[in-house]
Trainee: 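Handing you this structure, nothing more for now.
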Amino acid sequence: MSLDLSELCGTAIAKLHISAFEFYDLVPVEFIHAIEVYNETCKNDIQTQYEVARWQTCHMYNMQGKIVKNCIQNVKDIEKFPWEQHVVQTMEDMKLKLLNSFSSFSFGKLKKKE
């Protein structure tokens, strides 16, 4: 998928609420960072909505559960979300990740990736 400059400018105007003049004054790295922050903000908003829905579900269930003496103590017992699962990274994984990130550089010059 390729985007041309006018589509990127439209994205900047619609999502970042900046003018076209401000967009063309940006360095590409600044635009990328702005989009990453925007995406992170949207992701956090969605996660918050999921958390609220789970909390409400827990309390509605507990209102019914008091009748049958079956209440949920922890809201995470209803459903665990993907962002709550902690992945343990081993030393080998860290070393491999570092080697992969440095493998594209050789004495300050960028190597071709195959």
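Position 1 is the first residue of the sequence; numbering continues from there. This is a predicted model, so every value here is computed, not measured.
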Trainee: Passes side-chain contact (heavy atoms from CB on, under 4.5 Å), V37 versus H33? Steps please.
Mentor: CA-CA 6 Å; V37 168; H33 287 302; 5.5 Å; no

Trainee: side-chain contact (heavy atoms from CB on, under 4.5 Å), that's the test. Do Q49 and V52 meet it? Break it down for me.
Mentor: CA-CA 5 Å; Q49 291 172 4; V52 168; 5.8 Å; no

Trainee: State whether the number of non-hydrogen atoms from other residues, nucleotides or ligands found under 6.0 Å of F81 atom CZ is greater than 12.
Mentor: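 For F81, atom CZ is crowded (more than 12 foreign heavy atoms under 6.0 Å).
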
Trainee: For M94, does the CE atom sit with more than 12 other heavy atoms under 6.0 Å from it, leaving out its own atoms?
Mentor: yes

Trainee: Output the distance between atom CG (D25) and atom OG (S19), rounded to the nearest 0.5 Å.
Mentor: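 Reported to 0.5 Å precision, the distance equals 8.0 Å.
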
Trainee: Are E51 and R54 ion-paired here, with the side-chain N under 4.0 Å from a carboxylate O?
Mentor: yes

Trainee: Side-chain contact test, heavy atoms from C-beta onward, threshold under 4.5 Å: evaluate it for I46 versus K43 and give yes or no.
Mentor: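 I46 vs K43: side chains apart.
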
Trainee: Let me check something: do L5 and I35 share a hydrophobic cluster, defined by ILVMFWY side-chain heavy atoms less than 4.5 Å apart, either directly or through other members?
Mentor: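 Yes, L5 and I35 fall within the same hydrophobic cluster.
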
Trainee: To the nearest 0.5 Å, tell me how far N39 CG sits from N44 CG.
Mentor: 11.0 Å

Trainee: Evaluate L16 against F23 for side-chain contact (heavy atoms from CB on, under 4.5 Å), listing each step before the verdict.
Mentor: CA-CA 10 Å; L16 302 177; F23 170 75; over 6 Å; no

Trainee: Report, as yes or no, whether the 6.0 Å neighbourhood of atom OH on Y24 holds more than 12 heavy atoms from other residues, nucleotides or ligands.
Mentor: yes

